[in-house]
Amino acid sequence: MQLSKAYSHKDIEAKWYNHWMKSGLFEPTKGTGACFSMVIPPPNVTGSLHMGHALNNTLQDILCRYKRMDGYRVLWVPGTDHAGIATQNVVERQLAQKGISRTQLGREKFIEKVWQWKQEAGDAILHQLKALGISCDWSHERFTMDEGLSRAVREAFVQLWEDKLLYRAERLINWCPRCKTALADIEVVHEESDGNLWHIRYPFADDPSQALVVATTRPETMLGDTAVAVHPDDERYKNLIGKKIRLPITGRVVPLIADPFVDREFGSGALKITPGHDFNDFEIGERFGLDKISIFDAEARVDAAAFLARGESGEWIERYRGKDRFDARKLIVAELKENGFLEKTAVHKLAVGRCYRCQTVIEPYLTPQWFVDIKPLAEPATKVVRDGKIQIIPEGWSNSYFAWMENIKDWCISRQIWWGHQIPAWYCKRCDAANLITGPDGDYLLTKDAMPIVGRQAPQHCPKCDGKELIQDPDVLDTWFSSGLWPFSTLGWPDNTDDLKTFYPTSTLVTGFDILFFWVARMIMMGLKFMGEVPFRDVYIHALVRDEQGQKMSKSKGNVIDPLDVMNQYGTDAFRFTLAAMAAMGRDIRLAEDRIAGYQNFVNKLWNASRFVQMNLSGASDARDDGHDVLFDDKLELADRWIRSRLASTIVEARRAIEAYRFNDYANVLYRFTWHEFCDWYIEMSKLALNGTVGDDPAKSRKLLSELLDQILLLLHPIMPFVTEEIWQVFSDTRKSIMVQPYPTAPSTWIDADTETKMEFLMGVVRAIRNLRTEMNCPPGKEVKVIFYGQSADLSFLSEQRPYLRALARVGSAEFLSSGERPRGAATSVVGATEIYLPLDDLVNLDEEQVRLAKEVGKIEQELVRVQKKLGNDDFLSKAKEEVVEKEREKASQFEEKIRTLRSSLEKIREIQAGRS
RNA sequence: GGGCGGUUAGCUCAGCGGGAGAGCAUCGGCCUUACAAGCCGGGGGUCACAGGUUCAAAUCCUGUACCGCCCACCA
C-alpha cells in the first residue's frame, strides 16, 4: 500500500480504533507477567467530555500504551460515575422545562427518567473517550450504580456500621436549600463576596434604655438567637455578664454569656448566638445548653411552626412566615432601622459558602444525618503517604493531603435526594412510629431518634417486635462514597475475584488536584479499610486545563473549547501530543490553539518522512523483514553511527521521562529527535548514501532508514497512536499492530561520543557556511569555493565529508590548508579550531562582510571579557570545580583565536578597500 | 488568617547553581525530486522588583508587588 500524499486523520482514526477493539488488544494479556493496572477517574454522566477529561485520559493512555509495549500485562478499567446531585439536577432541570417537578413524578418514575438520561449521556461520553483513542479494556467497563458496584456499596456500608464507624445523629450540617439536601464540608465552596456588617442594638430586659450592640452579617438569623456572648475578660462587658437581653422584633429574652471564642476586636465585641444556623454558635450553644431554633424550612423560608412550637407568639411571626431568608433579611433590617435598633451599617467582605453543584448559598441546618467516624480511617491513610507506600507526584501535593487529613471532620454521607444508592437501613413502622413523619415529598422523614436496622438485604421483619412493616431509609449516599470504593469494587469486590487478586493494588492513579480530597483521599481510606492494602502506588496529579488567558474554562464564560472540535480540526494525535507536551508538572495548562496547529505540522512531518522512506523502499528488492537488523551492524557510515547514537540517547531519555511522569519531556525529546535530527540531518545525509555518492551499499541505507523510522514510530506510539499505526501498517500489512510491538531499548554500545563530536563539528561547519552564504546574499543554488585552514586531523575529516559539504552547503570546490597566508577579501567564520573562508569577488559583499565581521568580533569580545574576568578571579580558580575552570580556559583561548582570525580577515578587507578608494 | 504555585523572547511555555531555550508569530532568502502544513538563515530577553548566600544565581534564601489556586468558625 502507498502512503497518500497528505495525511488525513479523519479517515483513519475510527478505522484503527475499531480494529484495536475487535482484536482485543485493550484486554490484558494472559499469563503471569508483571502487571500494570489503573482505574479511570470515572467521568460523571452529567454531560460531555471536557478538556480536563481529555488531558486526564491522554496521560493515562500514554502510560498504558507504553507499559503494554514494554511487556506488562496492562489492565485499564473504564467506567462512569452516577454523580448523584449533579445528575439529579440536570434531569430536574430538563423536567422543569416541561413544567414537571420531580415530586409530581414521584420517586420511582423520576429515577426511571434519570436512568434514561444516564443511558444517553453515558454513551456520549464513552463515544468521546473512544475518539481520544484510549486503550482501556471495555469488557471491564463499570458504572457506580450497576449491580455489582451497588452490592459493594451496601457491603461497605454494613461493614462500617458493624465496626461502629457509622452513626446517625442530629447535627448542624451544610444544607443546600435548592437541592434540598445535606452536603459534606468539602462540597461547600467558599467564595469571598461583598456584604454588610450590621450593628444592631440589643436592649437589656431590665432597662430598655440601655443596649448592647452586636455586629452581624446575617441579621435575619436573629429570629433564632438564643443568647448574646462576650469575651469573659472584656472590660467593657465584664460586669454585665449574666444580664438578660430582650431581642428586638421577637421580644425573646436571652442571656448574656461569656465565652473566650468571642473576638474582642471584631465589631462591637458582642456576638449574637444562633445555634440553629451557625457552626460556631452551635458549639457555643452546646457548651451553654442553649436552645437551638431551626428558623427555616428545607427551602430556607422562615418556618413559623418553629416559633409556635416554642410557645412564642406575636404578630411578627405572621409577618415573617414563609419569607425567603434574603427577603427576611431586608425586612428585618428595615424594621430595625425604623425602630431605632440599627446602630450602623458597614461594608464588609465575607466568605459565603455555596453549593458546589448549584452555587446556592448554603444554610447551616439542623437535621439528622448519617456520618462516618473518619479519624480511624484517616490516620492509616495519612500514614501510608507519609511512609511512602503511596507516592503523590508532584510531591508538593502531599502537604495539602496531610493538612486536610489531619483536620478532617466526620463525613456526612446521607443525601436527601433520589438518585444514588439508597441507604441500606430500614425502620420498623411500629417501633419507630413516633419517629416517622411523612414529608412533603412523600418520603418519610426520620427524626434523630429513629432506630435503623442495617443490613445487606431488606430485613423481612423487625428483630425487636417482629413487625413486618419496614421502610427503607429514604436518603441516598454521597456519590463519593461509591467512588471511594472504585479501585476494588470495579475489580469484583466484595468477591475475591481473579481480577482483584491479579490487579489490586493498582499501579498508578492519574487525576486532577480538584478531586484530591473528594476522591483520592476517600479511595485511600476505603482501600485500606476494606482491602487492607493501598489502592494504588503512585498518584500522579496533573494540572488544570485553562484557556489561553489562563481562565478556567466554563460554560458561563463561553471560553470552553470542545475536545471533539479540536480533534476534528487538527486530528487526535496532534491534540494528544499538545496535551502531553504542555503537561509540565505542577503547572496549569493554557491551551493555545496555534500550539495544536504546530503539532499538527509535526504529525505531517512524520507522515512525509515516512513517505520518503517508503519511496526509497518501493521497488527495491531488498525491502524489509528479512530478519536482519542493520541497526546492529558493526560497520556503519558516520551519519548512521551518529543517528544511532542519538536514537539511543533519545530512547534512554524518553523512558526516563515517562517513568517519572514528565510527559512534556517525553514529548519534546521525541519531537526534537524526529524533526531536528532524523528529518533535518539524517534524511538529508541519507540521500547521498541512497544514490551511491557516499558509502557502497544503498540497500543497507534503505534498510537502515526504515528501521530508524520503525523506532521512531514505536517511540511515538503512546502519544500518537493513530498515525503511528497507520504508517506501521502501511509498511507491512502482514505484521501485527504497533500496539503489541516491544518498546525500543537502547544497547549502550550504540552511544558513540566520538561520532557525535565529529558530526557536531561537521554540522557546525555546514551551518557556518550556510550562514556566510545567506549573509553575503549568495543564491542558494550557487556553488561556492571554500578554503579551510586548521589542524590536519580536522582537515582530513572535512575532506572526507566533501560530498556532504556539497549537498548540504553547496560547497563547490574546497581547499584544505594547514598553513600559509589567509585569503584576502573573504567572508570568514571559525568553527572549533577550523577557519572557513569564502572568497568574495564583489565590492558590495566586501562592505557587508566588513560590517558583519566587525559585529561578530564585538560580540565575541564581550564574551571574552566575561570569561577573562572569571579567570582573573583567584577565588574562582581556587574554589570552582576543576572541570569548570578548564572549560573556561578553553573558551577563552577559543574566543581569542576566533577574534584573531576574524580581525585579520577584517584587516585584509580594509586594505583592499583602501587600495580601491 | 494560613498554605501552595506562578511572574523567562510579541504569544504559549520548558529550563531550576556554571556560556539564556522551544513552539507559534516576525523578518530575509528559497517550489533543493519526503514535506511551502516545508527548507535555509536572521532579529528579538538587565529571566517581575529589592536585598542576601556563593568564586559563580533565571536557577538557592529573605522580603515586596502583581496574578492564580487550596484550606480556614472571626460573627
Side-chain angles (χ1 to χ4, degrees), chain A residues 3 5-7 186 190 197 214-218 221 229 261-263 265-274 278-284 348 350-351 364 394 396-397 399-400 403-404 407 513-514 516-517 543-544 546 548 550-552 578 581-582 584 586-616 664-665 668 671-672 676 679-680 683-684 687 766-767 770-775 777-781 807-810 863 866-867 870 873-881 883-885 887-888 891 895:
Chain A
L3 284 167
K5 181 130 176 116
Y7 171 65
I186 45 170
H190 293 272
L197 189 60
V214 300
T216 181
T217 55
R218 297 200 57 197
T221 62
F261 168 79
V262 179
D263 179 357
E265 308 297 316
F266 191 91
S268 60
L271 174 62
K272 66 189 266 310
I273 303 297
T274 321
D278 183 280
F279 290 100
N280 294 319
D281 295 5
F282 180 85
E283 282 180 21
I284 294 175
H348 183 68
L350 68 156
W397 288 107
N399 280 332
S400 300
W404 192 72
N407 296 311
F513 61 79
D514 49 334
L516 181 61
F517 306 135
L544 226 59
R546 299 172 176 279
E548 222 161 323
Q551 301 280 319
K552 204 167 167 172
T578 310
M582 299 191 76
R587 192 163 165 156
D588 284 350
I589 296 175
R590 293 195 195 189
L591 193 67
E593 258 195 86
D594 57 7
R595 198 75 191 255
I596 308 172
Y599 289 120
Q600 187 187 17
N601 294 351
F602 177 62
V603 174
N604 193 246
K605 188 76 178 175
L606 178 67
W607 184 261
N608 282 309
S610 306
R611 283 181 60 222
F612 174 79
V613 174
Q614 188 177 45
M615 282 172 67
N616 282 286
N664 61 321
D665 287 346
N668 285 325
Y671 183 97
R672 187 154 315 175
H676 296 303
C679 290
D680 285 353
I683 283 190
E684 290 308 316
K687 287 174 182 173
V766 168
R767 273 193 278 252
R770 283 171 175 173
N771 184 328
L772 291 178
R773 295 176 57 109
T774 302
E775 295 286 343
N777 301 313
C778 178
L808 302 174
R810 302 273 152 178
E863 294 193 52
R866 207 169 35 194
V867 175
K870 264 191 185 175
N873 183 340
D874 287 339
D875 283 331
F876 173 72
L877 296 177
S878 59
K879 288 182 185 165
K881 275 181 286 184
E883 63 256 37
V884 175
V885 176
K887 211 172 148 192
E888 293 298 312
K891 265 194 261 177
F895 288 151

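Letters A, B, ... are given to chains in the order of the sequence lines, protein chains preceding strands, and every chain is numbered from 1. All figures in this text were calculated on a predicted structure; none of them were measured in a lab.
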Legend entry - Contacts of type side-chain contact (heavy atoms from CB on, under 4.5 Å), residue A:Arg770, not counting sequence neighbours: A:Trp681, A:Val766, A:Leu808

Inset, instruction - Check the distance between B:rG17's P and A:Glu883's CD and give it to me in whole angstrom. - result: 16 Å

Legend entry - Sequence-distant partners of A:Tyr671, ring-ring contact (aromatic ring centres under 6.0 Å, His included), two or more places apart: A:Tyr599, A:Phe602, A:Trp675

Legend entry - Under the side-chain contact (heavy atoms from CB on, under 4.5 Å) test, residues paired with A:Lys5 that sit two or more places apart: A:Arg611

Inset, instruction - Whole angstrom is fine here: how far is it from NZ in A:Lys272 over to P in B:rA75? - result: 13 Å

Inset, instruction - Measure from CD1 on A:Ile284 to C1' on B:rA75 and round the result to the nearest Å. - result: 9 Å

Legend entry - P atoms of B:rA25 and B:rC40, separation to the nearest Å: 16 Å

Legend entry - Beyond-backbone contact of A:Trp607 with A:Ser610, side-chain heavy atoms, under 4.5 angstrom: no

Polar atoms only, N or O, under 3.5 Å: list the protein pairs with nucleotides 44-46 of chain B and their distances.
none

Legend entry - Atom-to-atom span, CG of A:Asn777 to P of B:rG42 - whole angstrom: 14 Å

Inset, instruction - With sequence neighbours excluded, tell me which residues meet side chain to side chain donor-acceptor pair (under 3.5 Å) with A:Lys891. - result: A:Glu888

Inset, instruction - Using whole Å, report how far CD1 of A:Ile273 lies from P of B:rC73. - result: 16 Å

Legend entry - Residues in side-chain contact (heavy atoms from CB on, under 4.5 Å) contact with A:Phe612, at least two apart in sequence or another chain: A:Asn616, A:Ile683, A:Ser686, A:Lys687, A:Leu690, A:Leu705

Inset, instruction - Counting Watson-Crick and G-U wobble pairs only, both distances under 3.5 Å, name the nucleotide matched with B:rU64, or none. - result: B:rA48

Legend entry - A:Met582 CE - B:rU12 C1' separation (whole Å): 5 Å

Inset, instruction - Would you please confirm or rule out a distance under 4.0 Å between OP1 or OP2 of B:rC74 and any side-chain N or O of A:His348? - result: no

Inset, instruction - Looking at every strand, decide which applies to A:Arg773 at a 4.0 Å heavy-atom threshold: base, sugar-phosphate, or nothing. - result: nothing

Legend entry - Partners meeting side-chain contact (heavy atoms from CB on, under 4.5 Å) with A:Asn777 (sequence neighbours left out): A:Glu848

Legend entry - d(CG, A:Asp514; P, B:rG5) in whole Å: 18 Å

Legend entry - Summary of protein contacts for nucleotides 32-37 of chain B, nucleotide by nucleotide, where a base hit scores B, a sugar-phosphate-only hit scores S (4.0 Å, heavy atoms): --BB-B

Legend entry - Short side-chain N/O contact from A:His676 to OP1 or OP2 of B:rG23, under 4.0 Å: yes

Inset, instruction - Take nucleotides 55-62 of chain B nucleotide by nucleotide from the 5' end and write B, S or -, depending on whether a protein heavy atom sits under 4.0 Å from the base, only from the sugar-phosphate, or from neither. - result: B-------

Inset, instruction - Would you please name every residue forming a ring-ring contact (aromatic ring centres under 6.0 Å, His included) with A:His348, sequence neighbours left out? - result: A:Phe266

Inset, instruction - State whether A:Arg595 places a side-chain N or O below 4.0 Å from either non-bridging phosphate oxygen (OP1 or OP2) of B:rU12. - result: no

Legend entry - side chain to side chain donor-acceptor pair (under 3.5 Å) partners for A:Glu863, two or more places apart: none

Inset, instruction - Could you check whether A:Arg218 gets within reach of a base, just the sugar-phosphate, or nothing at all, counting any heavy atom under 4.0 Å? - result: nothing

Inset, instruction - Output yes when at least one side-chain N/O atom of A:Asn407 is less than 4.0 Å from OP1 or OP2 of B:rA72, else no. - result: no

Legend entry - Sequence-distant partners of A:Phe279, ring-ring contact (aromatic ring centres under 6.0 Å, His included), two or more places apart: none

Inset, instruction - For the residue pair A:Ile186 and A:Trp404, establish whether any side-chain heavy-atom pair is separated by less than 4.5 Å. - result: yes

Legend entry - A:Leu808 CG to B:rG41 P, straight-line distance once rounded to whole Å: 11 Å

Legend entry - Residue met sooner reading RNA chain B from 5', once A:Phe517 and A:Leu350 are mapped to nucleotides: A:Phe517

